[in-house]
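As a basis for the values below, the full set of heavy atoms in this structure was taken, side chains included, without hydrogen atoms, waters or symmetry mates. Naming: A, B, ... by sequence-line order, numbering from 1 per chain. All values reported here derive from a predicted model rather than from experimental measurement.
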Protein chains: 2
Amino acid sequence: MFSYERSCKVRGDGGATIRAVLDRIADKWTLLVVTTLEPGRMRFTELQRHIPGVSQRMLSLTLRHLERDGLVTRDVFAEVPPRVEYELTPVGRSLITPALALADWAIEHLPDIEESREKHDGRMA
Amino acid sequence: MFSYERSCKVRGDGGATIRAVLDRIADKWTLLVVTTLEPGRMRFTELQRHIPGVSQRMLSLTLRHLERDGLVTRDVFAEVPPRVEYELTPVGRSLITPALALADWAIEHLPDIEESREKHDGRMA
DNA sequence: CCGCATCCACCACGATACTG
DNA sequence: CAGTATCGTGGTGGATGCGG
């Protein structure tokens with residue numbers, strides 16, 4: 001039932017696939033932007049308000065990348081003042097599930113990790 | 001049944017949790033090392049052979065971090081020549097499942113992403 | 001065999017200032 | 001409101017060489 005070498009999916013190509021995902025999502029703001037967009041379309045400033053600490057520059061860059069990769073759409077309205085709305089594409093939306101799997105793992109195991117880390121550091125001091 | 005705001009797990013704390021996981025696993029070699037260790041304990045050189053492109057330095061650093069965080073154990077045998085074996089802990093092993101979820105997402109959607117990326121770049125040229 | 005020390009290139013990110 | 005331009009910096013990771 002459970003293949004012993006499940007990991008072949010990750011290692012099969014020498015890690016190229018898993019590395020490609022990480023290169024895509026592992027930066028500082030991407031997952032935050034994606035999950036913040038889950039409830040629905042949102043404008044730039046609104047996003048910035050919902051993501052504490054993000055600068056205009058980084059939010060802009062992150063959205064540009066997400067748009068380029070087809071995870072987010074960008075709609076510009078010809079109004080004054082200008083209005084721009086961002087929305088997840090189906091592909092972008094599909095990223096939320098594995099991201100939550102990761103978050104679940106974090107919630108469950110980060111305490112263990114921090115404990116182990118402190119023990120280890122204690123022996124070093 | 002399905003909460004609309006599932007993403008609260010990721011955004012709830014301003015992203016601290018998800019950022020902590022990423023900081024832990026999103027470097028270049030960690031997931032490769034972890035998944036390579038899935039079948040069982042392995043020695044340093046063996047690991048290096050199974051992970052194409054990794055340098056001694058990076059493999060060593062990655063293993064040190066994994067050990068510190070309690071994801072991997074390190075057993076040194078007092079022999080000549082020296083032998084060192086690495087093995088996943090239960091916590092380390094538990095990381096494989098969400099990693100595979102990410103890999104599945106990658107396998108399914110990376111082609112879309114690359115296509116979108118090419119289209120986008122085409123318009124820029 | 002295993003792994004650390006050193007040096008160096010690159011880039012992600014932040015702060016700030018400025019525009020349509 | 002919704003960005004871009006510019007500059008400065010820390011940290012990651014590659015190459016190389018030495019040591020137990």
To the nearest angstrom, how far is [X] atom [atom1] from [N] atom [atom2]?
{"X": "B:Leu22", "N": "C:dA12", "atom1": "CG", "atom2": "P", "answer": "15 Å"}
{"X": "B:Asp27", "N": "D:dG14", "atom1": "CG", "atom2": "P", "answer": "10 Å"}
{"X": "B:Gln56", "N": "C:dA5", "atom1": "CD", "atom2": "P", "answer": "14 Å"}
{"X": "A:Arg83", "N": "D:dA2", "atom1": "CZ", "atom2": "P", "answer": "9 Å"}
{"X": "A:Met42", "N": "D:dC1", "atom1": "CE", "atom2": "C1'", "answer": "16 Å"}
{"X": "B:Leu59", "N": "D:dG14", "atom1": "CG", "atom2": "C1'", "answer": "14 Å"}
{"X": "B:Glu46", "N": "C:dG3", "atom1": "CD", "atom2": "P", "answer": "13 Å"}
{"X": "B:Asp75", "N": "C:dG3", "atom1": "CG", "atom2": "P", "answer": "12 Å"}

Considering only side-chain heavy atoms of [X], which listed nucleotide, [options], is closest?
{"X": "A:Val84", "options": "D:dA15, C:dG3, D:dA2", "result": "D:dA2"}
{"X": "A:Met58", "options": "C:dC13, D:dG13, D:dA2", "result": "C:dC13"}
{"X": "A:Lys28", "options": "D:dT4, C:dC13, C:dG3", "result": "C:dC13"}
{"X": "A:Tyr86", "options": "C:dG3, D:dG3, C:dC13", "result": "D:dG3"}
{"X": "A:Phe44", "options": "C:dG3, D:dA2, D:dG14", "result": "D:dA2"}
{"X": "A:Arg43", "options": "C:dG3, C:dC1, D:dC1", "result": "D:dC1"}
{"X": "A:Arg74", "options": "C:dG3, D:dG14, D:dA2", "result": "D:dA2"}

Secondary-structure notation, DNA chain D, from Watson-Crick and G-U pairs under 3.5 angstrom (| other strand): ||||||||||||||||||||
Under-4.0 Å salt bridge between A:Asp23 and A:Arg19: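 A salt bridge is present here (some side-chain N lies under 4.0 Å from a carboxylate O).
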Any donor-acceptor pair under 3.5 Å joining the side chain of B:Arg57 to the base of D:dT12?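 Flag unset: no donor-acceptor pair detected.
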Mind checking the CD1-NZ spacing from A:Ile107 to B:Lys9? Nearest 0.5 Å is all I need.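 Going from CD1 on A:Ile107 over to NZ on B:Lys9, the span is 6.0 Å.
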Which residues pass the side chain to side chain donor-acceptor pair (under 3.5 Å) test with A:Ser116, not counting sequence neighbours?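 Per chain and number, A:Ser116 pairs via side chain to side chain donor-acceptor pair (under 3.5 Å) with no residue.
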Identified side-chain contact (heavy atoms from CB on, under 4.5 Å) partner of A:Val33 from the options A:Val54, A:Asp27, A:Leu59, A:Leu88: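 Result for side-chain contact (heavy atoms from CB on, under 4.5 Å) with A:Val33: A:Leu59.
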Test item: B:Thr89 side-chain N/O and B:Gly70 main-chain N/O as donor-acceptor pair under 3.5 Å: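 Indeed, once roles are kept as given, a pair shorter than 3.5 Å links the two residues.
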Reckon B:Ser60 touches a base, only the sugar-phosphate, or nothing at all at heavy-atom distances under 4.0 Å?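 B:Ser60: backbone/sugar contact only, no base atoms under 4.0 Å.
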Does atom CD of A:Glu108 have more than 12 heavy-atom neighbours, drawn from other residues, nucleotides or ligands, at distances under 6.0 Å?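 No, CD of A:Glu108 has 12 or fewer neighbouring heavy atoms, counting only those of other groups under 6.0 Å.
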Tell me, do A:Ile25 and B:Leu102 make a side-chain contact under 4.5 Å, heavy atoms counted?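 A:Ile25 vs B:Leu102: side chains touch.
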